[in-house]
Amino acid sequence: MSDAKIGTIVINEEAARGAGHPPVIVTRAVKPAQGMLPAGLLLQNSPSGLIPWDPAQEGGPAAVAGVLDVACDTATQASSLSIIHGSVRLPCLKVGAVAQAAPDETALAALLTAGLYPE
């Protein structure tokens, strides 16, 4: 008798897309020179491309423009995959590119307003 198994493949890439409501994923420009942006990061628009969502910005938080689906190195990538509508994985969500935190009630409300549904 022989064992036909010749190997195992494990994929360790984290993705923020959820399974409950099929996500709408688009490629969008990111602001250059921000370093590595992690999967699940909440994003907002800026004139030079997507940047991390800032709930403490002057004048109140901007609208959430999406959630980064997979990590993006802005030193080498001009665009990223972002989820603009649908389900997102709650354990994967992050607020802040450097000092990352789980989303609070304000962030969760902003996600719902944007048509993004944490599961």
Side-chain angles (χ1 to χ4, degrees):
M1 183 172 243
S2 66
D3 185 0
K5 181 178 176 181
I6 46 180
T8 302
I9 296 175
V10 178
I11 299 174
N12 290 325
E13 185 170 308
E14 181 178 40
R17 63 187 77 174
H21 177 303
V24 177
I25 302 170
V26 297
T27 301
R28 299 195 50 207
V30 291
K31 181 180 176 184
Q34 299 182 83
M36 182 63 83
L37 301 179
L41 182 67
L42 278 63
L43 302 167
Q44 70 183 48
N45 290 315
S46 81
S48 54
L50 294 172
I51 60 173
W53 182 70
D54 182 5
Q57 75 179 16
E58 187 175 323
V64 171
V67 173
L68 195 62
D69 187 38
V70 293
C72 174
D73 184 354
T74 61
T76 60
Q77 295 174 261
S79 61
S80 68
L81 292 176
S82 62
I83 303 165
I84 59 168
H85 179 76
S87 293
V88 290
R89 292 180 41 238
L90 182 58
C92 185
L93 297 178
K94 300 166 186 73
V95 176
V98 179
Q100 299 166 12
D104 60 10
E105 288 185 26
T106 301
L108 293 174
L111 284 166
L112 290 173
T113 300
L116 294 157
Y117 311 108
E119 57 180 38

Per-pair distances, 0.1 Å, donor-acceptor, side chain in residues 111-119, under 3.5 Å, sequence neighbours excluded:
residue : atom : partner : partner atom : Å
Thr113  : OG1  : Ala109  : O            : 3.0
Glu119  : OE1  : Gly20   : N            : 2.8
Glu119  : OE1  : Ser87   : OG           : 3.3
Glu119  : OE2  : Ala19   : N            : 2.8

(message) I need the minimum non-hydrogen distance between Ser48 and Pro32, along with the two atoms involved.
(response) O-CD, 4.1 Å

(request) Search all heavy atoms of Pro52 against all heavy atoms of Gln34 and return the closest pair with its distance. (result) CD-OE1, 3.0 Å

(request) Count the heavy atoms belonging to other residues, nucleotides or ligands that lie under 6.0 Å from CD of Gln57, then report whether that count exceeds 12. (result) yes

(request) Starting at CD of Gln44, measure out to CG of Leu50 and round the result to the nearest 0.5 Å. (result) 9.5 Å

(message) As an exercise, state the distance from CD1 of Ile83 to CG of Asp69, rounded to the nearest 0.5 Å.
(response) 4.0 Å

(message) Between Val95 and Val67, is there shared hydrophobic-cluster membership here, with clusters defined by ILVMFWY side-chain heavy atoms closer than 4.5 Å?
(response) yes

(message) Between Ser79 (side chain only) and Ala29 (backbone N and O only), is there a donor and an acceptor less than 3.5 Å apart?
(response) no

(request) Sort and list the pairs that fulfil salt bridge (charged side-chain N to carboxylate O under 4.0 Å, His left out) and have at least one residue in residues 70-96, not counting sequence neighbours. (result) Glu14-Lys94

(message) If I compare all heavy atoms of Leu42 with all of Val64, which pair ends up nearest, and what's the gap?
(response) CD2-CG2, 4.3 Å

(request) Following the transitive rule for hydrophobic clusters with a side-chain heavy-atom cut-off under 4.5 Å over Ile, Leu, Val, Met, Phe, Trp and Tyr, establish whether Leu37 and Val70 coincide in one cluster. (result) no

(request) Begin with the C-alpha distance, continue with both residues' side-chain angles, and end with the deciding distance and a verdict on side-chain contact (heavy atoms from CB on, under 4.5 Å) for Val26 and Leu81. (result) CA-CA 6 Å; Val26 297; Leu81 292 176; over 6 Å; no

(request) State, yes or no, whether a side-chain contact exists between Ile51 and Ser46 at a heavy-atom distance under 4.5 Å. (result) yes

(request) Could you tell me which non-hydrogen atom of Asn45 sits nearest to which non-hydrogen atom of Arg28, and how far apart they are? (result) OD1-NH2, 2.5 Å

(message) A side-chain contact here means heavy atoms from C-beta on lying under 4.5 Å apart; do Ser82 and Val30 qualify?
(response) no

(request) Check whether any side-chain heavy atom of Leu41 lies under 4.5 Å from a side-chain heavy atom of Gln100, and answer yes or no. (result) no

(message) Do Thr27 and Ser80 have side chains that approach each other closer than 4.5 Å (heavy atoms only, starting at C-beta)?
(response) no

(request) List the atom of Ala110, the atom of Trp53, and the distance in Å for their closest heavy-atom pair. (result) CB-CZ2, 3.9 Å

(request) Answer with yes or no whether the hydrophobic clustering places Leu68 together with Leu90; edges join I, L, V, M, F, W, Y residues whose side-chain heavy atoms lie under 4.5 Å apart. (result) no

